[in-house]
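Count residues from 1 along the sequence. Predicted, not measured: the structure shown is a model, and the values here were computed from it.
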Amino acid sequence: MKLNYKRTICVGFAFFLICAFWQAYDNTIPLILTNKFGMKQTWSGFIMALDNILALFLLPLFGSLSDRSTSRFGRRTPFIVAGTLVAVVAFVGLSFVDAAQLKHLSEVSAIDDPVAMQTIYSAEQDQSLLTPEGDSFVLSELYTAEEFTAIQSQITEGDSTITNPDYTNYVVPARQAYAWQTTAESPSTLIFFILLLLIVLVSMAIARSPAVALMPDVTMKPLRSKANAVINLMGSAGGILVLILGMVFATSAVRNSLMSYVGYFSTIALIMIIALVIFLLTVREPKFVAEMHKDSERYGLLEDADPEEDHEHKKLGPGERTSLLLILSSIVLWFMGYNAITSKYSVYASNILHKDYNFTLIIAQAAAIISYLPVGIIASKIGRKKTIIAGVIMLTTAFTAGIFMRADSPTLIMNCIFALAGIAWATINVNSFPMVVEMCSGGDVGKYTGYYYSASMAAQVVTPVFSGYLMDKLGMTSLFPYAAIFTGLAFFTMLFVRHGDSRPEAKHGLDALEDMDSD
């Protein structure tokens, strides 16, 4: 029993383009909302949660619709194509709306321009502002215009070694307050930006569940952890490519806080189109599904042997329902912690650590890529549950260590922390989705994929807003403690899961283990 790695990689190009999009989205949209539109972290978090609010309803919907699809191109492919094409056009459109907002901020179009900084100072010197810790201050009581501008100049001239906390505490809030004032005076650009953002998010929801459900459609159940490792590897490759582009475009540089994203977004869109073309040229969904059924029959996996079962449904027993609820609860908890970091780290790194978030996230992605295949193999030996628990422990350890990192902490330590987080996330991610779909029949794969994403999206609806609120009230340094608490709670819910490991191993004992060893 061997996994067809070539086929799985081809299927993985759909996930590649999806992850490339989300990496760019998570890194840049919070910066646009705070730097260009001047939003507070709480409101920025709410906007970032919109995709997750929509996903709660749309992912199960499009997963179920794809289950019932009878297209000659397959159940999933038409959704992947339609969703991607609309998303690409709307995503590029976002960059042009962002460029329009830049024109409204003409007085601060270059934050390294002393004249621009004095303009901000003059506009805000008599207004009460808030530091990231929530302390009230008035600029004119702290600095003269010349001192204020000197702080900013010191920062931008030494961009790679930023350590002056006054930039975070005073210059950034002042600049964002000016941006918010400009937005409030002309809100139409923000409204159009959000409307276009909704189109992007709905389009990605159309593609996401079908893209993920395609892997179990074409893969036998005992091999799904390994296949999911390959799929996640492809997703990480898409994400790391975007992070490299972020370094090329210098999206995290202080001097580019008010940069135009037209070129960057257009490049991401081109990558998505290329990945979609490769997917369409190499994946023949109906053929791959039929071959999976033949292989399942050959290995005695009768539950997957009949193609007609693609449209049949299965009721879960009481124990399976309990395990499913526990797995979904665990998914909610670890996404509460993990997504708080991914949605806020670009802001946190810029303002607290004063480091290039792109490189740190590349470290995490690279560690995940190296780990995906070994993790899939380990799970086939010791079980998915034990492997996930090990990943949860590692992720909690990484986030706990992150609590103590500051701007003067060695960069190597931060890179090691994120490498551990990348390995941990790979360990969790490779096995959690197969545990969910392990319990369903072929006719419900899309629906159960929707359940999986509904759980993750429920967390991602709440956590950007809640973590952003705490960052506004308690300070940005509350981010890592918040993440560590939630991932730690997931350890306890996973302890009580009793179903979802690969069933054929239990059925065939040593024979199944020998089959796994022959891969």
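- One N or O on the side chain of T8 and one on the backbone of N4 form a donor-acceptor pair closer than 3.5 Å.
- At distances below 3.5 Å, not a single donor-acceptor pair connects side-chain atoms of R384 with backbone N or O atoms of S432.
- Note: M234 CE to I369 CD1 = 10.0 Å, rounded to the nearest 0.5 Å.
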Verdict with supporting geometry, F249 and Y261, ring-ring contact (aromatic ring centres under 6.0 Å, His included): CA-CA 9 Å; F249 283 88; Y261 287 101; 9.1 Å; no
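- Side-chain atoms of S323 and R498 form no donor-acceptor pair, as typed in the model, at a separation below 3.5 Å.
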N/O donor-acceptor pairs under 3.5 Å from side chains in residues 463-471, not counting sequence neighbours:
{"residue": "T463", "atom": "OG1", "partner": "M336", "partner atom": "O", "Å": "2.6"}
{"residue": "T463", "atom": "OG1", "partner": "Y482", "partner atom": "OH", "Å": "2.7"}
{"residue": "S467", "atom": "OG", "partner": "T463", "partner atom": "O", "Å": "2.5"}
{"residue": "S467", "atom": "OG", "partner": "P464", "partner atom": "O", "Å": "3.4"}

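- Scanning all heavy atoms of the two residues, the minimum distance from F62 to A205 falls at CD1-O, 3.9 Å.
- No more than 12 heavy-atom neighbours from other residues, nucleotides or ligands sit within 6.0 angstrom of CH2 on W43.
- To the nearest 0.5 Å, atom CG of residue N429 and atom CD1 of residue I388 are 9.5 Å apart.
- Residues F91 and A24 share a closest heavy-atom pair of CZ-CB, 4.2 Å.
- Between D217 and M292, the shortest heavy-atom contact is O-CE, 3.1 Å.
- At least one donor-acceptor pair under 3.5 Å links the side chain of N232 to the backbone N or O of N228.
- Without hydrogens or angle criteria, T219 side chain to P216 main chain gives no donor-acceptor distance under 3.5 Å.
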Audit row: L233, L373, side chain to side chain contact (heavy atoms under 4.5 Å, CB included) steps and yes/no: CA-CA 8 Å; L233 190 153; L373 294 180; 4.2 Å; yes
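- Ring pair F486/F399: centre-to-centre distance not below 6.0 Å.
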Pair L326-M494, side chain to side chain contact (heavy atoms under 4.5 Å, CB included): steps then yes or no: CA-CA 7 Å; L326 285 170; M494 277 304 300; over 6 Å; no
Derivation and outcome, side-chain hydrogen bond (donor to acceptor under 3.5 Å, both in side chains), residues Y264 and S95: CA-CA 9 Å; Y264 179 67; S95 67; over 6 Å; no
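- Looking at V392, I428, I382 one by one, the single match for side chain to side chain contact (heavy atoms under 4.5 Å, CB included) with T387 turns out to be I382.
- Taken to the nearest 0.5 Å, the CG atom of L333 stands 11.0 Å off from the CG atom of L328.
- With hydrogens and angles left out, the side-chain atoms of N339 and T342 include a donor and acceptor closer than 3.5 Å.
- Rounding to the nearest 0.5 Å gives a distance of 11.5 Å between CD1 of I278 and CD1 of I273.
- Using cut-offs of 30° and 60° on the angle between ring planes, the pair F335 and W425 is perpendicular.
- Residue A207 comes nearest to G83 through the heavy atom pair CB-CA, 4.2 Å, listed as atom of the first residue, atom of the second, then distance.
- Counting only distance, with no hydrogens or angles, the side chain of K385 and the backbone of L495 share a donor-acceptor pair below 3.5 Å.
- Note: I352 CD1 to Y345 OH = 11.5 Å, rounded to the nearest 0.5 Å.
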Working for side chain to side chain contact (heavy atoms under 4.5 Å, CB included), residues I268 and Y25: CA-CA 10 Å; I268 302 301; Y25 179 89; over 6 Å; no
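- Shown here for A87 and M204, the closest heavy-atom pair between the two residues is CB-SD, 3.5 Å.
- Side-chain atoms of K226 never come within 3.5 Å of backbone atoms of Y5 as a donor-acceptor pair (strictly under, hydrogens ignored).
- Separation of the W334 and F491 ring centroids does not fall under the 6.0 Å cut-off.
- Y338 and T487 share no side-chain donor-acceptor pair at under 3.5 Å.
- L395 CG to I341 CD1: the interatomic distance, rounded to the nearest 0.5 Å, is 9.0 Å.
- Here the closest non-hydrogen pair linking I423 and M394 is CG2-CE, 4.1 Å.
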